[in-house]
Amino acid sequence: GNSTRQAFSGEFFLDFLNDEHLPTMMGYVQKTNRSVDISFEGELGIPAGVHGSYYELLTKSIKHDWHGRMTWGQAARREGAPPVEVASIDVNDLLRRLRALGLAKQLSMAVMRHIPGFVKSQSDKVNDGFWETEAPATISAAYFVPPENIFAAMDKLKQVQFESLGSKEFVWNLPGEFRFVHIRDMAVLQPVEAGRWVTMQMLSFEDLAKHDQAWKRPFKQMEDYLVDKLGAKPHMGKLWGFGATEDGTIEPFSDQFSCRLFSDKAKAKFMAYRREQDPKDMFFSGLGVKLMRPCRK
């Protein structure tokens with residue numbers, strides 16, 4: 001079909017696990033200003049009591065695995081959506097206990113069913129477009145795929161998800177996701193060329209995997225296909241760069257992947273500017289160092 005492309009943003013989910021031949025698809029589209037449908041009957045402005053709603057969320061007490069009790073606002077600033085609790089039970093703990101029950105299909109469909117309710121609740125309370133305020137520990141990797149290759153990319157994700165069913169170590173358990181984006185040439189260190197792309201995201205609850213290598217291997221399998229076969233580029237705010245270490249284990253952010261994300265020309269230009277602004281290397285650390293290194297031959 002045709003689209004006006006007038007919406008502020010669009011996010012599309014595909015549940016592959018519950019029907020191999022006819023996946024369930026859902027779109028979450030945000031509209032603003034003149035793109036809002038005339039017939040829309042939901043919240044159009046600032047909800048009544050919005051300040052109280054934000055305060056209630058920010059000050060809500062949650063339990064962090066490592067740091068104990070803190071407010072939702074503190075946890076969100078640390079690492080995004082805090083862990084969700086049901087009847088004071090951390091859902092991450094619950095998923096670990098239910099690992100052997102084969103919940104992948106139920107979880108994938110449950111996400112599709114619950115998103116509209118989450119969106120409606122947040123629209124009524126704050127109307128800021130963000131609906132995921134709490135979530136179990138989720139593994140997430142995303143890639144910018146050339147539009148002509150997005151069907152092949154999603155077909156591959158469907159294939160690996162179905163092949164995982166019945167595995168004793170790891171079963172994919174969440175819907176696939178994609179959205180259309182227009183990238184502009186805005187930065188020296190820009191891993192994605194300007195133009196139109198489709199971002200696809202693969203997700204899974206971490207605590208349903210038997211161990212970390214059980215999910216890192218299939219994530220590497222998907223990444224290898226997307227990057228090597230379809231010309232995809234990684235979303236650097238997620239997991240990427242899966243590679244084998246000296247002992248054979250798979251880990252993200254590998255040196256040989258990191259070093260080739262930017263061209264030598266871009267690295268040189270950035271490093272010249274960085275040395276002017278940070279001559280004592282105060283801020284030159286962590287993953288940024290890997291990204292600027294030349295690749296080993």
Could you check whether atom [atom1] of [X] has more than 12 heavy atoms from other residues, nucleotides or ligands sitting under 6.0 Å from it?
X: F284; atom1: CZ; answer: yes
X: R293; atom1: CZ; answer: yes
X: H182; atom1: NE2; answer: yes
X: E56; atom1: CD; answer: no

*For the pair V160 and M222, evaluate side-chain contact (heavy atoms from CB on, under 4.5 Å) and give the outcome as yes or no after the intermediate values.*
CA-CA 8 Å; V160 298; M222 272 299 303; 3.7 Å; yes
*With side-chain contact (heavy atoms from CB on, under 4.5 Å) as the test, would you mind laying out the steps for E251 and K216 before giving the verdict?*
CA-CA 7 Å; E251 298 297 340; K216 287 174 180 175; 2.7 Å; yes
*Using the ring of F257 (Phe, Tyr or Trp, six-membered ring only), decide whether R260 places NZ or CZ under 6.0 Å from its centre and within 45 degrees of its axis.*
yes
*In sequence, state the C-alpha distance, the side-chain angles, and the governing distance for T138 and E206, and then conclude on side-chain contact (heavy atoms from CB on, under 4.5 Å).*
CA-CA 5 Å; T138 305; E206 181 178 3; over 6 Å; no
Check whether any side-chain heavy atom of [X] sits under 4.5 Å from a side-chain heavy atom of [Y], and report yes or no.
X: I183; Y: E193; result: no
X: L57; Y: T133; result: yes
X: R179; Y: V198; result: no
X: D15; Y: P23; result: no
X: Q122; Y: F130; result: no
X: I46; Y: N127; result: no
X: E11; Y: F180; result: no

With distance as the sole test, does [X] use its side chain to make a donor-acceptor pair with the main-chain N or O of [Y] at under 3.5 Å?
X: S35; Y: T32; result: yes
X: S254; Y: G241; result: yes
X: Q190; Y: M186; result: yes
X: S164; Y: Q161; result: yes

*Could you work out the complete set of other residues in the hydrophobic cluster of Y55, with links drawn between I, L, V, M, F, W and Y side chains under 4.5 Å apart?*
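Y55 clusters with nothing; isolated.
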_Fellow cluster residues of F40, listed by chain then number, with links counted only when side-chain atoms sit under 4.5 Å apart_ = V36, L44
*Could you tell me whether E276 and R274 have a side-chain N and a carboxylate O separated by less than 4.0 Å?*
no
*asked:* Any carboxylate oxygen within less than 4.0 angstrom of a Lys/Arg side-chain nitrogen, looking at E134 and K60?
replied: yes
Which label fits [X] and [Y]: parallel for a plane angle under 30°, tilted from 30 to 60°, or perpendicular past 60°?
X: F144; Y: H235; value: parallel
X: W172; Y: F219; value: parallel
X: F12; Y: F178; value: parallel

*How long is the gap from CG on L226 to NZ on K156, to the nearest 0.5 Å?*
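The NZ atom of K156 is 9.0 Å from CG of L226, to the nearest 0.5 Å.
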*asked:* So, taking the atom named CG in N149 and the one named CG in D155, what distance separates them when rounded to the nearest 0.5 Å?
replied: 11.5 Å
*Donor + acceptor pair across side chains of Q201, S140 (<3.5 Å)*: yes
_Hydrogens and angles aside, do D37 and S39 bring a side-chain donor and acceptor to less than 3.5 Å of each other?_
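Distance-only check fails for D37 and S39.
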Would [X] end up clustered with [Y] when hydrophobic side chains under 4.5 Å apart are linked, directly or stepwise?
X: W131; Y: Y54; value: no
X: F16; Y: M25; value: yes
X: L230; Y: V192; value: no

*side-chain contact (heavy atoms from CB on, under 4.5 Å) between L203 and I139, intermediate numbers included*: CA-CA 5 Å; L203 306 140; I139 314 154; over 6 Å; no
*Distance-minimising heavy-atom pair for L189 and F262*: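 That closest heavy-atom pairing would be C-CE2, 3.4 Å.
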*Of all the heavy-atom pairs spanning F162 and D19, show the shortest one and how long it is.*
CZ-C, 4.0 Å
